[in-house]
Amino acid sequence: MPELPEVEVTRRGIAPALENRRLASADFRIPALRYPLPHAQRAAMLGQRLHAIERRAKYLLLRFDQGTMLIHLGMSGSLRLMAPGLPAEKHDHVDLEFGQGAQRILLRFRDPRRFGALLWLAGEADSHPLLKVLGIEPLTEAFTARWLKNSLEGVRSPIKPTLMDSHRVVGIGNIYASESLFRAGIDPRTPAGKISLRRLERLVPEIKATLLSAIEAGGSSLRDFIHSDGSSGYFQQQYFAYGRAGQPCYRCNSPIRELRQSNRASFYCARCQR
DNA sequence: CCGACAACCTGTGAGC
DNA sequence: TGCTCACAGGTTGTCG
């Protein structure tokens with residue numbers, strides 16, 4: 001599930017219910033996800049007040065009084081709010097309970113593939129190696145065509161995998177890389193450094209618009225998110241290119257093509273994207 | 001420095 | 001129905 005929009009929708013979904021509550025219990029059911037879970041630091045985090053949930057790239061940063069919990073959803077992770085006491089299912093690896101009495105609420109981390117991560121950073125979180133190497137946030141004013149032009153100077157690799165490199169720009173995953181390039185009319189195989197400023201002036205707004213509209217689409221399901229009923233709620237977004245191999249391009253009717261770049265599927269229209 | 005690729009894991013769907 | 005295989009929205013690390 002998670003690219004930047006999904007992570008942001010998750011953040012908005014859980015923050016109101018959890019902020020300003022204290023961590024009442026933490027249950028780590030397995031030794032590790034991508035990294036070891038912070039079993040040994042459990043005692044230190046209990047009782048601390050959560051004052052804000054922020055997002056950096058695809059990481060969620062849960063800011064406590066003295067420490068930050070870093071959560072990454074990986075490929076298959078999800079966070080859900082529910083009533084305490086509901087039995088954990090197969091891939092529910094972490095339970096965090098907040099508040100007390102009638103206010104008590106459970107945040108449950110499920111991750112079948114276990115590519116996700118949950119770390120406890122006791123000190124200054126922002127200087128952590130995982131965060132320090134991250135590139136620019138695409139939904140900020142600093143992310144402009146001029147910035148991207150400079151960043152891509154001399155880069156010979158194709159634009160699509162380059163856009164997905166989180167050391168350069170964060171949060172653009174496989175789906176939204178294809179979608180943004182379709183919307184900007186740029187062939188995913190174009191060497192990144194050869195794209196003109198003019199064309200980047202089209203690409204950058206399309207990246208922002210693609211991400212923002214996905215956030216809005218997810219936002220419409222926030223109510224379902226907060227309640228703990230079925231896993232639905234997310235209505236499947238309509239993609240222009242992603243997953244549409246062989247189907248007609250919505251713009252010109254020629255068939256959407258599929259290729260592999262850096263071992264990831266890419267989708268594009270050979271006529272609209274040059 | 002760069003690109004290609006393997007690795008981490010389970011679930012799902014296609015094809016036979 | 002059941003088996004096998006390829007592939008899945010991410011990221012890190014290694015190797016040439």
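Within every chain, numbering begins at 1; the chains are lettered A, B, ... in the order of the sequence lines, protein sequences first and strands thereafter.
- Every residue two or more places apart in sequence or in another chain that forms a ring-ring contact (aromatic ring centres under 6.0 Å, His included) with Phe267(A) is listed here: Tyr242(A).
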Exercise. Any chance you could list the contact pattern along nucleotides 10-16 of chain C? Use B for base contacts, S for sugar-phosphate-only contacts and - for none, protein heavy atoms under 4.0 Å, 5' to 3'.
Key: BBS----
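- Shown here are the side chain to side chain donor-acceptor pair (under 3.5 Å) partners of Ser151(A), two or more places apart in sequence or in another chain: Arg168(A).
- First and last contacting nucleotides of DNA chain B toward chain A (any atom under 4.0 angstrom from a heavy atom, 5' to 3' order): dG3(B) to dG11(B).
- Residues forming a side chain to side chain donor-acceptor pair (under 3.5 Å) with Arg110(A) (at least two apart in sequence, or on another chain): Asp92(A).
- At least one test fails for Arg29(A) against the ring of Phe109(A): distance under 6.0 Å to the centre or angle within 45° of the axis.
- Taking the P atom of each, dC3(C) and dC9(B) are spaced 25 Å apart, rounded to whole Å.
- Sorted by first and then second residue, the side-chain hydrogen bond (donor to acceptor under 3.5 Å, both in side chains) pairs involving residues 16-28 of chain A (not counting sequence neighbours) are Asn20(A)-Arg49(A), Arg21(A)-Gln103(A).
- In this structure Asp187(A) satisfies the side chain to side chain donor-acceptor pair (under 3.5 Å) test together with Arg189(A), sequence neighbours excluded.
- Computed from coordinates, the Leu211(A) CG to dG9(C) P distance equals 16 Å when rounded to whole Å.
- If you check every strand for non-hydrogen atoms under 4.0 Å, Ala117(A) touches nothing.
- Of the C1' atoms belonging to dT4(C) and dC8(B), the separation is 22 Å, rounded to the nearest Å.
- dA6(B) and dA6(C) have their P atoms separated by 13 Å, with the value rounded to a whole Å.
- In this structure, Glu258(A) places its CD atom 10 Å from C1' of dC7(C), rounding to the nearest Å.
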Using atom types as modelled, flag every donor-acceptor pair under 3.5 Å from a side chain in residues 53-61 of chain A to any protein atom, sequence neighbours excluded.
| residue | atom | partner | partner atom | Å |
| --- | --- | --- | --- | --- |
| Glu54(A) | OE1 | Arg63(A) | NE | 3.0 |
| Glu54(A) | OE1 | Arg63(A) | NH2 | 3.0 |
| Arg55(A) | NE | Glu8(A) | OE1 | 2.8 |
| Arg55(A) | NH1 | Ala57(A) | O | 3.0 |
| Arg55(A) | NH1 | Glu137(A) | OE1 | 3.1 |
| Arg56(A) | NH1 | Gly135(A) | O | 3.2 |
| Arg56(A) | NH1 | Glu137(A) | OE2 | 2.8 |
| Arg56(A) | NH2 | Leu134(A) | O | 3.3 |
| Arg56(A) | NH2 | Gly135(A) | O | 2.8 |

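- Under the ring-ring contact (aromatic ring centres under 6.0 Å, His included) criterion, Phe98(A) pairs with no residue at all, not counting sequence neighbours.
- The shortest distance between the side-chain N/O atoms of Tyr242(A) and the OP1/OP2 oxygens of dG9(C) is below 4.0 Å.
- Looking at residues two or more places apart in sequence or on another chain, you find a ring-ring contact (aromatic ring centres under 6.0 Å, His included) between His39(A) and Phe28(A).
- Ring planes of Tyr176(A) and Tyr239(A): perpendicular class, angle over 60° (limits at 30 and 60°).
- Here the separation of dG11(B) from dT12(C), taken at their P atoms, is 25 Å to the nearest Å.
- Mapped onto DNA chain B by nearest heavy atom, Asn263(A) and Val155(A) fall at different nucleotides, with Val155(A) at the one closer to the 5' end.
- In DNA chain B, consecutive stretches of 3 or more Watson-Crick or G-U wobble pairs with both distances under 3.5 Å are given as paired ranges: B:2-8 with C:10-16, B:10-16 with C:2-8.
- Listed by first and then second residue, the salt bridge (Lys or Arg N to Asp or Glu O under 4.0 Å) pairs involving residues 200-212 of chain A are Arg183(A)-Glu206(A) (not counting sequence neighbours).
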